[in-house]
Amino acid sequence: MQSTEKMEERLERVDMHEFFLNKINEAITNERYIEASWLIYSCMENRFFRTLQKYKKQCKYCSGKCKKNKNELAISTKIACVKRLKENNVTCISDSFTSELLENIRLWVKKRNNMMHDLLSLETYQDMDECFKISSIEGKALLDQLYSACTTFREKFYAEGYVFVFPEEAMEGCSCKPRNTIGE
């Protein structure tokens, strides 16, 4: 399968990610841990978005926010989609993402989001620097692993002769699947 993106656009995207990875490293070095955690989260969200973009239109439930070419789905939804494909042995996913990495990112995101919500709380604000320091260091390590997994995924997805097949079982767990409402 061939990439549908122009090489120029792909190279610009590489430059953009390099810019933000440098910003993350700079923020950690300069003890701006909240900034680092924020940027790490954004990069993670983008990596999952870019992964889903390659195959989401094959899902029969691809509609609404998922169908748009915008990054509007919650990161937990994106992680869950990749996890379902892994559990259904989709080669390009299962050979690229470990269950441990997906779970560790999910837990990191949950912890980071809780810290963001607690940021301006009298009960917790004095401990935030240390919490965000740990978060940014752990998050950066996970982000590095995620970038590596995404690179492997792209290589496998675009490998000559590879055909991505979206398993019906994975579709049925999709959060975009219409839910029956009471009374129907």
Mutual orientation of the aromatic rings belonging to Y55 and F153 [parallel < 30°, tilted 30-60°, perpendicular > 60°]: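 Ring orientation, 0 to 90° scale: perpendicular.
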Aromatic ring pairing H17/Y147, orientation class (parallel under 30°, perpendicular over 60°, tilted between): perpendicular
Output yes when [X] and [Y] qualify as a salt bridge under the 4.0 Å nitrogen-oxygen rule, no when they do not.
X    : Y    : result
E31  : K133 : no
E103 : R106 : yes
E26  : R32  : yes

Please check: side-chain N/O of [X] versus main-chain N/O of [Y], any donor-acceptor pairing under 3.5 Å?
X    : Y    : answer
W108 : S135 : yes
K54  : R50  : yes
N22  : E18  : yes
T77  : L73  : no
S148 : D144 : no
T29  : N25  : yes

S136 and S37: side chain donor to acceptor below 3.5 Å: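 There is no such pair (donor and acceptor under 3.5 Å, judged by atom type) between the side chains of S136 and S37.
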Compare every heavy atom of [Y] with every heavy atom of [X], then report the nearest pair and how far apart it is.
X    : Y    : value
C59  : M171 : SG-CG, 3.7 Å
L85  : I93  : CB-CG1, 4.0 Å
V90  : V165 : CG2-O, 4.0 Å
D129 : Y33  : O-CD1, 3.9 Å
K111 : I134 : NZ-CG2, 4.3 Å
C150 : R47  : SG-CB, 3.8 Å

Salt bridge (Lys or Arg N to Asp or Glu O under 4.0 Å) between R84 and E169, intermediate numbers included: CA-CA 8 Å; R84 277 192 310 281; E169 301 83 31; over 6 Å; no
For K177, all residues meeting salt bridge (Lys or Arg N to Asp or Glu O under 4.0 Å), sequence neighbours excluded: E172
Contacts of K83 that satisfy salt bridge (Lys or Arg N to Asp or Glu O under 4.0 Å) - sequence neighbours left out: none
Taking the side chain as every heavy atom from C-beta outward, state whether [X] and [Y] have any pair of such atoms under 4.5 Å apart.
X    : Y    : answer
L142 : L146 : no
T151 : R154 : yes
W38  : R112 : yes

Atom pair CD1 (I24) and SG (C43), whose distance is rounded to the nearest 0.5 Å: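 I24 atom CD1 to C43 atom SG measures 4.0 Å (nearest 0.5 Å).
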